[in-house]
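To start, the structure itself, in structure tokens.
Below, chains carry the letters A, B, ... as their sequence lines are ordered, and counting in each starts from 1.
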4 protein chains.
Amino acid sequence: MVLTEKHRHILLKAEELFAVRGFDGATVRDIADAAGVNLAMISYYFGSKEKLMEALFRERMTLMRIRLETLIMDDNYTPIQKVDILIDEYVNKVIQQQSFYKIMLCEQVINNNPLVLKMLRELKLSYANLVGVLIEAGQKQKIFKKDIDVMFLLNTMTGTVTQMVINKEYYKEYNNYKKLNAADFNELLRTKLSAHVKLVFKAILGYEQ
Amino acid sequence: MVLTEKHRHILLKAEELFAVRGFDGATVRDIADAAGVNLAMISYYFGSKEKLMEALFRERMTLMRIRLETLIMDDNYTPIQKVDILIDEYVNKVIQQQSFYKIMLCEQVINNNPLVLKMLRELKLSYANLVGVLIEAGQKQKIFKKDIDVMFLLNTMTGTVTQMVINKEYYKEYNNYKKLNAADFNELLRTKLSAHVKLVFKAILGYEQ
Amino acid sequence: MVLTEKHRHILLKAEELFAVRGFDGATVRDIADAAGVNLAMISYYFGSKEKLMEALFRERMTLMRIRLETLIMDDNYTPIQKVDILIDEYVNKVIQQQSFYKIMLCEQVINNNPLVLKMLRELKLSYANLVGVLIEAGQKQKIFKKDIDVMFLLNTMTGTVTQMVINKEYYKEYNNYKKLNAADFNELLRTKLSAHVKLVFKAILGYEQ
Amino acid sequence: MVLTEKHRHILLKAEELFAVRGFDGATVRDIADAAGVNLAMISYYFGSKEKLMEALFRERMTLMRIRLETLIMDDNYTPIQKVDILIDEYVNKVIQQQSFYKIMLCEQVINNNPLVLKMLRELKLSYANLVGVLIEAGQKQKIFKKDIDVMFLLNTMTGTVTQMVINKEYYKEYNNYKKLNAADFNELLRTKLSAHVKLVFKAILGYEQ
DNA sequence: CATGAATGAGCGTTCATTCAT
DNA sequence: CATGAATGAACGCTCATTCAT
């Protein structure tokens with residue numbers, strides 16, 4: 001399926017609504033209105049509401065695994081450097097694509113779309129496998145501790161970052177960051193999250209700078 | 001509002017369905033069928049589907065803050081002990097009430113119920129405040145590092161635990177725990193999560209055992 | 001499925017509309033309006049538009065085969081008398097239930113409902129078998145000719161009667177029966193059809209009065 | 001309106017689909033796909049779906065009346081011969097154009113197209129009138145009985161033939177003609193139908209060979 | 001002439017809720 | 001208290017048709 005600019009525009013608006021109202025809560029009429037297109041266009045372009053969701057996942061998830069694979073196989077970085085890059089890139093992605101990561105979170109819980117479930121499963125497992133390779137490389141070089149649980153490691157990162165993004169308004173309120181504009185606040189969140197997760201990873205992986 | 005046994009039974013079944021299908025995905029008919037009560041009873045008992053959700057949140061969240069307050073104010077424990085208890089109790093609660101924590105997660109993202117939003121907000125902020133008190137106490141005793149970001153700390157715990165619970169089937173598959181029954185696997189998850197979060201907290205708070 | 005008076009009322013109105021506009025042409029909204037019930041009642045009572053049609057067929061076809069079976073097995077009549085009764089009863093039924101016989105006719109052609117198709121098939125074949133028994137009895141008594149093709153015989157009756165009913169307005173116009181009211185015209189049609197088909201059957205079966 | 005080869009090709013495919021799914025059940029998209037033409041061409045060529053149906057009726061019905069008129073007025077045949085030719089030609093036409101005769105049957109019942117209704121009415125009445133002339137000629141020659149009801153006569157033919165064509169699969173099954181290919185079975189049907197209707201007509205018209 | 005894109009209207013169905021009993 | 005029946009609103013989707021190119 002080749003996506004035109006209009007396809008992508010609809011996907012973007014759908015993404016925003018799915019993130020705010022959930023899949024069932026966002027109606028096709030809502031999406032069509034938000035995208036400024038006719039109601040029938042959604043079915044015309046994507047086939048159905050379900051397939052729209054699938055197209056969104058396909059579009060957003062395509063590059064994820066490839067990027068990770070490239071990073072893990074890259075010989076120019078040490079395992080520690082790779083871990084840092086991994087964290088930076090993940091935090092950046094979540095900050096930039098907050099809507100999609102919110103949808104992903106809910107789809108992992110609710111899940112009523114088999115194809116989305118399949119894509120999520122493949123992503124999760126291939127992520128664990130690839131990071132597993134990285135961990136083992138570090139362990140062979142005696143940089144990382146033995147007995148690292150890859151899934152605990154990854155879920156600590158994804159969980160922490162997602163929670164911060166979900167609760168960012170409370171964070172803003174709690175720390176009185178109300179004067180910051182959205183972009184600055186995101187940048188602050190990005191920096192802090194990156195540093196925080198790196199600190200945590202050092203403890204888990206057992207290395208010092 | 002006084003809840004009878006029947007109220008609680010309906011809430012339990014509603015909780016299970018909301019966790020699996022989401023608020024919009026679980027129909028009142030589904031819930032009535034699952035609870036073995038007449039469809040009209042839901043409205044009769046709770047007023048509406050929305051108020052049913054609110055009652056569920058009220059019921060499940062009532063004891064949370066009180067328990068934390070008691071713990072923080074308890075003079076029989078050191079700050080480090082309190083942190084350990086906090087983690088243990090949180091992990092236990094999430095493992096035991098997986099359905100409700102899944103619902104909470106989605107409601108934080110989706111949110112279309114102002115009252116639920118309000119309850120979540122109050123819980124989040126009072127949690128941060130109470131744990132803030134605990135952190136400051138530890139800092140005064142020079143046990144914890146300066147510059148602890150309470151929200152980062154808490155979200156690391158909640159994020160990690162929730163992610164592990166959400167993805168527990170992948171964890172089972174990845175580690176070949178298929179032979180374990182549900183109870184044993186939950187127990188294993190509980191133990192591992194508790195230890196893991198404690199390790200991470202030490203790194204963030206900056207103390208050694 | 002137990003049919004109440006309201007069920008039957010809806011079926012009656014649906015029957016009229018299906019006969020005039022066809023299954024696809026008659027909308028659920030039309031039927032609900034005609035029956036004076038809420039739109040959602042159709043699904044509530046019958047499950048779906050398709051199942052409404054199936055219920056109509058089940059309701060109308062239930063007694064057909066039983067009546068024929070009773071007649072064929074009845075020892076009080078000669079084969080010739082049975083043929084006459086068969087014709088009289090068929091003509092009466094079609095005249096009385098013109099709408100349903102129109103629907104039946106179209107469903108035999110169009111057919112997009114497997115269950116209706118199945119019911120029609122069973123009716124057709126069991127009719128052929130039962131009348132086959134009657135013919136053989138008459139042949140053994142040397143009353144009927146050898147080599148009677150039961151399906152040709154039956155389709156001559158059903159075809160002739162249905163055509164006359166379908167085209168009854170042209171018949172009225174062609175014969176200047178416009179002064180007759182609907183009931184009288186139906187009665188005239190009934191009498192003429194009965195006599196006509198009996199004449200034709202004599203020729204096919206090869207007997208004289 | 002002048003019909004090109006492409007017009008005729010579309011009409012042919014539309015005819016097949018209308019016969020199988022009915023006018024409402026066959027979508028313009030289906031027809032366009034079946035004909036291998038662009039969807040918009042249907043409207044472009046015929047104006048609308050309704051007008052496509054009208055064009056189909058106009059195309060198929062054009063020659064019918066003319067042929068009958070010629071036959072009736074032909075002085076080379078006796079009334080009996082004319083009746084036989086009439087039957088043969090009608091049976092042949094229905095067997096050859098089964099799809100169109102199925103559509104005609106449904107349109108007589110359902111009727112939502114005034115123009116089609118008008119064409120059907122004219123055909124019916126002019127047929128009755130023309131055959132009426134033939135009958136009167138035979139009556140004057142004392143070949144046919146008095147008091148022949150032309151419409152009964154004609155509807156016996158059309159009804160019998162149409163019913164046999166509609167139910168031909170049951171006929172095949174009932175008589176175990178499954179080994180016959182479609183062409184052979186049609187030929188068998190044609191022969192039998194022709195003989196059968198001639199037999200019936202003799203009885204109605206009251207003559208012997 | 002021919003076409004891919006687009007649209008308003010309307011489809012069958014399901015929903016949370018209400019009400020008479 | 002409890003319930004089967006009933007309902008208005010809205011759902012996702014498909015339809016015949018149109019239009020810019």
Side-chain angles (χ1 to χ4, degrees), chain A residues 2 4-7 10 14 23-32 35-53, chain B residues 4 6-7 10 14 23-32 36-53, chain C residues 2 4-7 10 14 21 23-32 35-53, chain D residues 4 6-7 10 14 21 23-32 36-53:
Chain A
V2 183
T4 66
E5 255 338 280
K6 200 157 190 176
H7 280 99
I10 295 171
F23 179 75
D24 291 312
T27 73
V28 176
R29 276 169 179 82
D30 290 339
I31 297 166
V37 301
N38 184 282
L39 164 67
M41 287 304 308
I42 307 295
S43 294
Y44 180 70
Y45 267 40
F46 297 98
S48 70
K49 193 187 177 186
E50 285 224 314
K51 281 179 187 154
L52 169 68
M53 181 66 121
Chain B
T4 65
K6 201 157 191 175
H7 281 99
I10 294 170
F23 179 75
D24 291 311
T27 72
V28 177
R29 262 194 169 73
D30 290 339
I31 297 166
V37 301
N38 184 279
L39 168 65
M41 290 308 303
I42 307 290
S43 295
Y44 183 74
Y45 267 41
F46 297 96
S48 72
K49 193 188 179 185
E50 285 223 314
K51 283 178 185 153
L52 169 68
M53 181 66 121
Chain C
V2 183
T4 65
E5 253 339 280
K6 200 158 189 174
H7 279 100
I10 295 170
R21 301 188 201 168
F23 179 76
D24 291 312
T27 73
V28 176
R29 278 169 179 82
D30 291 339
I31 297 167
V37 300
N38 183 281
L39 164 66
M41 286 306 307
I42 307 295
S43 294
Y44 180 70
Y45 267 39
F46 298 96
S48 69
K49 192 188 179 187
E50 285 224 313
K51 282 179 187 153
L52 169 67
M53 181 66 124
Chain D
T4 65
K6 201 157 192 175
H7 280 100
I10 295 170
R21 302 186 201 167
F23 179 74
D24 291 310
T27 72
V28 177
R29 259 191 171 74
D30 291 339
I31 296 167
V37 302
N38 184 280
L39 168 65
M41 288 310 301
I42 306 292
S43 294
Y44 182 74
Y45 268 42
F46 297 96
S48 71
K49 193 187 179 186
E50 285 222 313
K51 282 178 187 153
L52 168 68
M53 182 65 122

N/O donor to acceptor pairs below 3.5 angstrom from side-chain atoms of residues 35-47 of chain C, sequence neighbours left out:
| unit_1 | atom_1 | unit_2 | atom_2 | d |
| --- | --- | --- | --- | --- |
| Asn38(C) | OD1 | Ala40(C) | N | 2.7 |

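When the P atom of dC11(F) is taken as reference, atom NZ of Lys49(A) falls 9 Å away, rounded to whole Å. Atom pair Ile10(D):CD1 and dC1(E):C1' shows a separation of 13 Å (rounding to whole Å applied). Rounded to an integer number of Å, the gap from Ile42(B) CD1 to dT18(E) P is 14 Å. Rounding to whole angstrom units, CD1 of residue Ile31(D) and C1' of dA16(F) are separated by 11 Å. For the pair Met53(A) CE and dG12(F) C1', the computed distance is 15 Å after rounding to whole Å. Taking atom CZ on Phe23(A) and atom P on dC11(F), their separation rounds to 14 Å, with Å as the unit.
Using a 4.5 Å heavy-atom cutoff, the side chains of Leu52(C) and Val28(C) are not in contact.
Taking for each of Val28(D) and Glu50(A) the nucleotide of DNA chain F with the nearest heavy atom, the 5'-most of the two is the partner of Glu50(A). Toward the 5' end of DNA chain E, the nearer of the two residues Asp24(C) and Gly25(B), judged by each one's closest nucleotide, is Asp24(C).
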key: Footprint string (nucleotides 4-10 of chain F, 5' to 3'): B base within contact, S backbone only, - free, heavy atoms under 4.0 Å   = BBBBB-B

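Taking a pair as Watson-Crick or G-U wobble with both distances under 3.5 Å, the runs of three or more consecutive pairs in DNA chain E are E:2-21 with F:2-21.
Among the atoms of the strands shown, none is found under 4.0 Å from any heavy atom of Ala32(A).
Looking at residues two or more places apart in sequence or on another chain, you find a side chain to side chain donor-acceptor pair (under 3.5 Å) between Asp30(D) and Arg21(D), Thr27(D).
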